Amino acid sequence: MKISALNGFKDILPGEVELWQHVESVARDIFSRFHFSEIRMPILEKTDLFARSIGEATDIVEKEMYTFVDKQITMRPEATASLLRAYIQHGLHVQKPVQRLFTIGPMFRHERPQKGRLRQFHQLDVEVLGAASPRVDAELLGLASMLLAELGVTVSLEVNSLGCPACRPAFRETLLQFIEERKEQLCDDCKRRSTTNPLRVLDCKNPKCREQVEEAPSILEHLCEECDTHFAAVQKNLQQLNVQYRLNKFMVRGLDYYCRTTFEFITKDLGSQSAVCAGGRYDGLVEQLGGPKKVPGIGFAMGIERLVLLLQQQEQEQAPEKGIDIFVVGLGEKASDFSFPLVHALRQNSIVAAMDHEGRSLKSQMKQANKAGAGWALILGEDELEKGVAMFRNMATKEQNEIAIVNDNNELLNILIEQITTG
RNA sequence: GUGGGUGUAGCUCAGUUGGUGGUAGCACCUGGUUGUGGCCCAGGAGGUCGUGGGUUCAAGUCCCAUCAUUCACCCCA
């Protein structure tokens with residue numbers, strides 16, 4: 001019986017992996033321009049960490065985590081909780097009042113897989129800890145949109161404010177009252193949501209619910225003074241950076257820890273999944289996890305699978321596979337025995353070199369050279385060895401000439417390196 | 001957790017009202033005057049038709065179950 005990967009788990013094969021490398025290298029470049037530092041955390045954490053940060057009642061914690069029940073440990077379903085755990089554990093707030101951190105890696109959620117959603121998926125995660133200024137909110141959104149723009153994906157940005165513990169409870173009551181009045185018109189899911197997570201009724205996909213919710217009270221009109229001032233400043237700062245956005249008073253978050261500014265970069269090109277990047281502020285979370293008091297935080301996560309899907313779909317130019325510098329063709333045992341250490345020496349000199357080990361024909365080896373995108377071929381056969389020469393062929397121009405193999409192999413090596421590096 | 005679609009070569013797929021598995025395309029291998037790549041041509045290799053039952057003289061084809069996969073709901077990056 002053939003063994004295949006688990007449902008919702010995917011191999012990233014040569015051909016696609018180059019796209020991933022591209023995404024990661026563009027991301028790293030931009031992170032460094034914004035002066036962010038990389039941090040890497042373990043994949044396993046105590047289950048309690050996620051229950052306390054993401055929220056006991058969320059679907060993620062309730063039924064989607066990969067947990068070793070007997071050991072009370074869980075494979076991380078997102079990065080923020082682990083990152084804050086590391087921040088607190090190592091006292092990073094003491095080293096620098098403001099920490100700007102990013103991490104890249106796999107996350108695990110036991111959801112039913114579908115387009116743009118896997119059980120092991122990968123995120124680029126960016127967090128700023130210790131900065132309360134609305135400028136940081138805008139700066140982060142500027143970073144995200146710069147990254148998406150440089151990758152060449154077309155998405156739109158929606159922003160909202162969720163208020164804070166001072167103003168959200170009152171809004172929640174107002175909203176609940178509104179929902180109660182129209183409960184009969186809402187879908188079954190929304191009836192359930194009205195008790196579990198009323199804010200979620202606001203972003204239901206059902207057209208009938210949308211219609212009902214159209215008139216719903218807006219959080220933006222119920223913000224306390226501080227939240228209102230903060231959100232106004234975020235918007236002003238976004239305009240300064242010329243970041244295009246749309247206010248969406250119906251946007252909410254799935255994780256409990258968010259407050260104030262929240263945002264999503266969305267697209268219609270991913271089937272039912274719309275968010276490519278999402279995040280927001282979480283000012284109380286560090287303290288809630290047992291860290292220092294009053295450390296504000298804000299961050300976002302980008303789904304790499306979703307970025308890659310968009311890149312493939314929006315038909316970005318495929319990076320052509322990198323060709324090798326030289327293919328050394330050896331005909332016969334003697335020639336192969338001569339080529340073997342030569343190829344190794346070329347590699348020691350930073351030349352990308354390959355050879356055949358299967359004793360195939362000249363024609364076959366030339367085909368391999370061509371397929372590998374070799375710039376040059378060095379052909380060594382019985383005749384050449386007898387004459388003490390090797391044929392050096394330019395694969396593009398088909399020009400070839402003899403190079404003498406003298407006693408000292410270094411001479412041949414130096415000629416090859418010289419030719420290859422100068423083109 | 002719920003609902004729909006699809007399972008035939010490594011990949012993309014044909015396969016008629018049930019009647020011997022495809023000269024199919026891509027990829028792979030070997031050749032096309034003894035040792036020179038891309039194009040072209042010829043040949044070759046590659047399959048328990050997802051699996052297990054059932055109906056039938058006969059099942060890739062019809063029925064049931066099961067597994068896998070995919071899309072959507074839920075939820076979410």
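Chain identifiers are assigned alphabetically (A, B, ...) following the order of the sequence lines, protein sequences preceding nucleic acid strands; residue numbering begins at 1 within each chain. Everything quoted here is computed from the prediction, not taken from an experiment.
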Picking from [options], which would you name as closest to the side chain of [X]?
X        : options                : result
A:Asn7   : B:rG37, B:rC76, B:rU69 : B:rU69
A:Gln114 : B:rG31, B:rA77, B:rA72 : B:rA72
A:Lys367 : B:rG38, B:rU36, B:rC73 : B:rG38
A:Glu111 : B:rU30, B:rG37, B:rA77 : B:rA77
A:Arg306 : B:rC73, B:rU36, B:rA77 : B:rA77
A:Lys398 : B:rA77, B:rU30, B:rG38 : B:rG38
A:Asn370 : B:rG35, B:rC74, B:rG38 : B:rG38
A:Arg360 : B:rC29, B:rG35, B:rG37 : B:rC29
A:Leu331 : B:rG37, B:rG35, B:rC73 : B:rG35
A:Lys10  : B:rG37, B:rC76, B:rU70 : B:rU70

Could you tell me the separation between the [atom1] atom of [X] and the [atom2] atom of [N], rounded to a whole number of Å?
X        : N      : atom1 : atom2 : answer
A:Met366 : B:rG32 : CE    : C1'   : 18 Å
A:Arg393 : B:rG35 : CZ    : P     : 16 Å
A:Lys63  : B:rU2  : NZ    : P     : 11 Å
A:Leu362 : B:rG38 : CG    : P     : 12 Å
A:Arg253 : B:rA77 : CZ    : P     : 5 Å
A:Lys268 : B:rA72 : NZ    : P     : 16 Å
A:Ile60  : B:rC74 : CD1   : C1'   : 13 Å
A:Lys387 : B:rG35 : NZ    : C1'   : 12 Å

Determine the minimum heavy-atom distance between [X] and [Y], stating which atoms define it.
X        : Y        : answer
A:Phe108 : A:Phe121 : N-CE2, 4.2 Å
A:Ser361 : A:Leu331 : C-CD2, 4.2 Å
A:Ala369 : A:Met395 : CB-CE, 4.0 Å

Is the base of [N] touched by the side chain of [X] through a donor-acceptor pair closer than 3.5 angstrom?
X        : N      : result
A:Glu62  : B:rC75 : no
A:Gln400 : B:rU36 : yes
A:Arg112 : B:rC74 : no

Which comes earlier along RNA chain B counting from the 5' end, the contact point of A:Ala374 or that of A:Ile304, where each point is its nearest nucleotide? A:Ala374
RNA chain B nearest-nucleotide lookup for A:Glu64 and A:Gly271: closer to the 5′ end is A:Gly271
Take atom [atom1] in [N] and the same atom in [M], then report the distance between them in whole Å.
N      : M      : atom1 : answer
B:rA45 : B:rU56 : P     : 39 Å
B:rG50 : B:rG60 : P     : 10 Å
B:rU70 : B:rC76 : P     : 22 Å
B:rU33 : B:rG38 : P     : 13 Å
B:rG3  : B:rG15 : P     : 31 Å
B:rC13 : B:rG47 : C1'   : 15 Å
B:rC62 : B:rG7  : P     : 10 Å
B:rU51 : B:rG21 : P     : 15 Å

Taking any heavy-atom pair under 4.0 Å as a contact, classify [X]: base, sugar-phosphate, or nothing.
X        : value
A:Thr58  : nothing
A:Leu255 : sugar-phosphate
A:Gln273 : base
A:Ala275 : sugar-phosphate
A:Asp125 : nothing
A:Lys115 : sugar-phosphate
A:Glu382 : base
A:Leu118 : base

Side-chain N or O of [X] less than 4.0 angstrom from OP1 or OP2 on [N]?
X        : N      : value
A:Ser364 : B:rU30 : yes
A:Arg117 : B:rC74 : no
A:Arg193 : B:rC74 : yes
A:Ser272 : B:rC73 : yes

With both distances under 3.5 Å as the test, what is the Watson-Crick or G-U wobble partner of [N]?
N      : value
B:rU55 : none
B:rG44 : B:rC28
B:rG22 : B:rC13
B:rG1  : B:rC73
B:rU33 : none

So if I apply the side chain to side chain contact (heavy atoms under 4.5 Å, CB included) rule between A:Ser194 and each of A:Arg182, A:Lys183, A:Arg200, which one comes out positive?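 Answer to the side chain to side chain contact (heavy atoms under 4.5 Å, CB included) test with A:Ser194 among A:Arg182, A:Lys183, A:Arg200: A:Lys183.
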Once the angle between the rings of [X] and [Y] is folded into 0 to 90°, is it parallel (under 30°), tilted (30 to 60°) or perpendicular (over 60°)?
X        : Y        : value
A:Phe34  : A:Phe36  : tilted
A:Trp376 : A:Phe392 : parallel
A:His222 : A:Phe171 : tilted
A:Tyr282 : A:Tyr258 : perpendicular

Checking salt bridge (charged side-chain N to carboxylate O under 4.0 Å, His left out) for the pair A:Arg192/A:Asp188: CA distance, chi angles, key distance, verdict? CA-CA 6 Å; A:Arg192 176 175 53 76; A:Asp188 289 346; over 6 Å; no
Got A:Met41 and A:Thr103 here, is their nearest side-chain heavy-atom distance under 4.5 Å?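 Result yes, sub-4.5 Å side-chain heavy-atom pair found.
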